[in-house]
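Everything below concerns the one structure shown next.
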2 protein chains.
Amino acid sequence: MKLTSKGRYAVMAMADLAMFKDAGPISLTDISLRQNISLAYLEQIFIKLKNKNLVKSIRGAKGGYILDIPPENIKISNIIDAVDEEVKMLNCKKESKRGCNNKSTKCITHNLWDELDQHINNFFEKVKLQDLLKKNQTLNK
Amino acid sequence: MKLTSKGRYAVMAMADLAMFKDAGPISLTDISLRQNISLAYLEQIFIKLKNKNLVKSIRGAKGGYILDIPPENIKISNIIDAVDEEVKMLNCKKESKRGCNNKSTKCITHNLWDELDQHINNFFEKVKLQDLLKKNQTLNK
DNA sequence: TTAAATCATACTAAATTAGTAGGAATTAAA
DNA sequence: TTTAATTCCTACTAATTTAGTATGATTTAA
């Protein structure tokens, strides 16, 4: 789980789509204006969202994107995973076969990052796209 | 709360100090060798830890660092905050006076990142340095 | 006096992130 | 049938951040 503004943009854009989901296909131009994200950057993001079947595209004039899944069934983690390639923030894991075996002093913090990662993932698993639309509420818990 | 390998190194180094806390001052050279972190980089990290009164330094030959607080009273969040300047991952906050007021569609995801941040902070608040030394246990919960 | 250590600051290299640029393909509507 | 609006595709680049080096000064035990 990596957290960058690309992921943030993706969530914002998906929330936008969800808000206007009854208005037919939404063009990236619209989202670009409303959310203030560059069109070209949105294009890249939406290719990925489409590849993960979170959205469907309608090409040509009057085209755009629509959600391919109802917003109450889309986890935030689905969105973030789609656009930000899953790179573990643990870097002791990649190096090691030997060494970082959780027993040496060398990687005593291993467990810690591992659990943090689960913790963050868990957070994003619990929150659905739909939840974002109900504003000013506590999302998780 | 920012999460980088600098923060990871800091936690590793502090855990190392905690393990050897009865052995008098520990030199960064020792930590460097045990944890495989460059000495010069450790030096930078320890200046910050010292500024936050997490460690004390003893200069000169046979010098080194010792914990300034017992490990059961040091939260992981204290360590990470000390070395990784607190830069909010929310970037909608910095721009805005107007705009991102949590009511516009513009920053509908505001709450989400805010809560995530609390969530991560909360995780690191609950875990103490001492907890890392009891290996192979669940840290949080 | 020497060697081991911290302290301080500046620089640099690598990686990542965030975007731009330019055009091709598709399609609704005039 | 032409035009304009759109997605699609790929390559490039600029900005930022991160991670780490380099250099040398200062302190102190032996």
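Numbered from 1 within each chain, the chains take letters A, B, ... in sequence-line order.
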Taking the side chain as every heavy atom from C-beta outward, state whether A/N53 and A/I69 have any pair of such atoms under 4.5 Å apart.
-> no
Between B/I45 (CD1) and C/dA8 (C1'), how many Å, whole number?
-> 16 Å
Euclidean distance, atom CD of residue B/E43 to atom P of D/dT23 [Å, nearest integer] | 14 Å
d(CG, A/L39; P, C/dG19) in whole Å | 13 Å
Residue closer to the 5' end of DNA chain D, A/G63 versus A/Q44 (nearest nucleotide) | A/G63
Do the side-chain N or O atoms of B/K50 get closer than 4.0 angstrom to the phosphate oxygens (OP1, OP2) of C/dC7?
-> yes
Atom NZ of A/K6 and atom C1' of D/dT16 are separated, to the nearest Å, by 16 Å
Respond yes when some side-chain nitrogen or oxygen of A/S38 is under 4.0 Å from OP1 or OP2 of C/dG19, and no when none is.
-> no
Salt bridge present between A/E72 and A/K128 (N-O < 4.0 angstrom) | no
Using whole Å, report how far CG of A/N36 lies from C1' of C/dA18.
-> 14 Å
Does B/I47 sit in a hydrophobic cluster with other residues, and if so which ones, taking ILVMFWY side chains as linked at heavy-atom separations under 4.5 Å, directly or through other members?
-> none
So what does B/F46 touch, heavy atoms closer than 4.0 Å: a base, only the sugar-phosphate, or nothing?
-> nothing
For B/Y41 and C/dA14, give me the distance from atom OH to atom C1', rounded to whole Å.
-> 12 Å
Euclidean distance, atom NZ of residue B/K48 to atom P of C/dA8 [Å, nearest integer] | 14 Å
A/T4 (side chain) donor-acceptor with A/K6 (main chain) under 3.5 angstrom = yes
Return the nearest nucleotide to the side chain of A/R59; candidates are D/dA22, C/dA8, C/dT27.
-> C/dT27
First of A/I58 and B/S57 reached from the 5' end of DNA chain C, by closest nucleotide | B/S57
On DNA chain C, more 5' by nearest nucleotide between A/A61 and B/G60 is B/G60
A/S5 side-chain N/O to C/dA18 phosphate OP1/OP2 under 4.0 Å = yes
Short side-chain N/O contact to D/dC8 OP1/OP2 from A/Y65, under 4.0 Å | yes
Can you find a side chain N or O atom of A/S27 that sits less than 4.0 Å from OP1 or OP2 on D/dA5?
-> no
Here the distance between atom C1' of D/dA19 and atom CD1 of B/I37, to the nearest Å, is 12 Å
5'-most contact on DNA chain D: A/I47 or A/K62, nearest heavy atom basis?
-> A/K62
Within less than 4.0 Å of OP1 or OP2 of D/dG20, is there a side-chain N or O belonging to B/Y9?
-> yes
4.5 Å side-chain heavy-atom contact, B/L132 and B/I76 = yes
